[in-house]
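Take a look at the structure set out below.
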Amino acid sequence: MSVRVRMAPSPTGLLHIGGVRTFLFNWLFARKHGGQNLLRIENTDTSREVAEAVDHIQTSLLWLGIDWDDELTFQLDRIDDCRRVAEQLVAEGKAYEDEGAIRFRMPNEGVTAWDDVVRGRVEVQNETIEDLVLVRSDGRPTYNFASPMEDVWDGITHVIRGDDHISNTPKQINLIRAVAGDIPIYAHVPSIFGQDGKKLSKRHGAVGVGEFRSAGYLPEALVNFLALLGWAPDGETTIMSRDELVERFTLERVSASPAQFDYAKLDWMNGMYIRALPPDEFAHRLILWLGENGYDWDAELVRKAAPLVQEKVARLDEFPDYARFLFEDVEASVDGGAEVVAAARDALADLEPFTAEAIEAALRDVVERLGLKPRQAFQPIRVAVTGSTVSPGLFESIELLGRETTLRRLSSASHS
RNA sequence: GCCCCCAUCGACUAGCGGUCCAGGUCGCGGCCCUUUCAAGGCCGUAGCGCGGGUUCGAAUCCCGCUGGGGGCACCA
């Protein structure tokens, strides 16, 4: 039997990173087995907000490269089918009316059990399960009715979802039995905590996919990182391509214990991916990111500046701080070092050619003449030219800045 | 209160009875490189929650405790 799984988000404003990790596991599992991965929106109304959220969900997933098969479906579209099933269950005596709602009769004795792929066998005493409301008195089916019914109708073979659904599972199993559907295989993946061990929330930083995107994370790095949260192929490998992830992923190796989201490690991994990018590709990503985030910096200049910062940044949003001096005026006040700054100005005034190599030779010459240590000499020049004590390589920076602007900043700083 | 789940360095994890005085990665500390910041290289730091069993032998199996988490809705 071919594998069929589903991603079933609620249409809320932001796609939570914890949910995305669960969806990623679905996707990896489906792709690994050549199966299908469906996208099913668990909506209960059709407001404009929902439409926007659905849009946002799709955009976010596609940005991460998590795609789906077939058309996406909406829970709301199947409420009539749900109602019919509920009526049938009432007719069969398996459900009953209760103050206008329809309730499903749970068995009163025995146990309901399943072999969870990540947790092993889970058993629940039936006497602890209350009769489940299938249809509310206003006629709308409940989640715990609609969701398992959709799993049956969609031919879902494996339900891979968050562990907050564990206690729903025995209810859903009993319901599926009652309608003579096939019980899917369940895999309950652990939740993700913030760095204080509490539930991941806003105050931990980014939690929505969009926030990670605008923070300058690369989707492939985020996917790699997320995959390793609660899953590991062997305990040694950390950097894995998407293909390798697909090839090596197994549900059996998903951990049962919750993981904390470590932003520092994500940053490290993102930096690894950035440095591994071909320079052209890095520049391309930068240009796109800058455009998405309100910078109208000259693309050609960005392309030239990109190689100077590629080794230095962990996230794309660090680029502006390094390269701003190339695009905007800077405050160049040097305190101390006026002498070397002035000498640098003179050395560069007529330098030909105005290349990093020649600039370095000229400046090193100045440093030697003045009897300074490189460290002491270059820092005032750096501050004068870039307006910051932290910058890309000085000589390359000066070449890119150009003679005219460089001289102006050097002059201005040496007179202050 | 009742039910269910979880428990290895600060973090992510490997480990599925002996090969583990516990391995990898991030972080952190030190050193090297160096025009700043990074990157890179090298070295180091740090852990099996507690108590009982089972066994010749336990991080690995069982029970209890403690600590976390989730659920007990006409929410999803």
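Below, chains carry the letters A, B, ... as their sequence lines are ordered, and counting in each starts from 1.
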> If we take the P atom in both B:A11 and B:C20, what is their distance in whole Å?
Replying inline: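 Approximately 25 Å lies between the P atom of B:A11 and that of B:C20.
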> Between B:G15 and B:U25, how far is it from one C1' atom to the other, in whole Å?
Replying inline: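 That atom pair is separated by 16 Å.
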Which nucleotide, in any strand shown, forms a Watson-Crick or G-U wobble pair with [N], with both distances under 3.5 Å?
{"N": "B:G1", "result": "B:C72"}
{"N": "B:G64", "result": "B:C50"}
{"N": "B:G44", "result": "B:C28"}
{"N": "B:A22", "result": "none"}
{"N": "B:C9", "result": "none"}

>> Parallel, tilted or perpendicular: which one describes the rings of A:Phe212 and A:Tyr217, with boundaries at 30° and 60°?
In response: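 Judged by the thresholds at 30° and 60°, the geometry between A:Phe212 and A:Tyr217 is tilted.
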Under 4.0 angstrom, heavy atoms only, what part of the nucleic acid is [X] near: base, sugar-phosphate, or nothing?
{"X": "A:Ser137", "answer": "base"}
{"X": "A:Gly230", "answer": "sugar-phosphate"}
{"X": "A:Ser257", "answer": "sugar-phosphate"}
{"X": "A:Ala264", "answer": "sugar-phosphate"}
{"X": "A:Ile166", "answer": "sugar-phosphate"}
{"X": "A:Glu42", "answer": "sugar-phosphate"}
{"X": "A:His188", "answer": "nothing"}
{"X": "A:Pro190", "answer": "nothing"}
{"X": "A:Asp98", "answer": "base"}
{"X": "A:Phe225", "answer": "nothing"}
{"X": "A:Phe261", "answer": "nothing"}
{"X": "A:Asn43", "answer": "nothing"}
{"X": "A:Glu123", "answer": "sugar-phosphate"}

Identify which nucleotide among [options] has an atom closest to any side-chain atom of [X], counting heavy atoms from C-beta outward.
{"X": "A:Arg375", "options": "B:C26, B:U34, B:G70", "value": "B:U34"}
{"X": "A:Glu311", "options": "B:U35, B:A38, B:C26", "value": "B:A38"}
{"X": "A:Thr142", "options": "B:C74, B:G68, B:U35", "value": "B:C74"}
{"X": "A:Gln260", "options": "B:C12, B:U25, B:G40", "value": "B:C12"}
{"X": "A:Asp262", "options": "B:U35, B:C4, B:A11", "value": "B:A11"}
{"X": "A:Gln379", "options": "B:C6, B:U35, B:A11", "value": "B:U35"}

Please confirm whether the shortest side-chain N or O distance from [X] to OP1 or OP2 of [N] is below 4.0 Å.
{"X": "A:Arg253", "N": "B:G15", "answer": "yes"}
{"X": "A:Arg161", "N": "B:A76", "answer": "no"}
{"X": "A:Arg103", "N": "B:C74", "answer": "yes"}
{"X": "A:Arg140", "N": "B:C74", "answer": "no"}
{"X": "A:Arg119", "N": "B:C6", "answer": "no"}

>> Both A:Ser255 and A:Arg121 contact RNA chain B. Which one's nearest nucleotide lies toward the 5' end?
In response: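 The residue closer to the strand's 5' end, by nearest nucleotide, is A:Arg121.
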> Of A:Val135 and A:Ala259, whose nearest nucleotide on RNA chain B comes first from the 5' end?
Replying inline: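 Between the two, 5'-proximity favours A:Ala259.
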Under 3.5 Å, is there a donor-acceptor pair between the [X] and [Y] side chains?
{"X": "A:Gln75", "Y": "A:Glu42", "result": "yes"}
{"X": "A:Ser255", "Y": "A:Ser257", "result": "yes"}
{"X": "A:Ser147", "Y": "A:His165", "result": "no"}
{"X": "A:Thr355", "Y": "A:Glu357", "result": "no"}

>> Distance check needed: B:G24 P versus A:Glu236 CD, whole Å only.
In response: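 Checked: the CD to P distance equals 7 Å.
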> Can you find a donor-acceptor N/O pair under 3.5 angstrom joining the side chain of A:Arg382 to the base of B:U35?
Replying inline: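 Between B:U35 and A:Arg382, which were checked side chain against base, a qualifying N/O pair under 3.5 Å is present.
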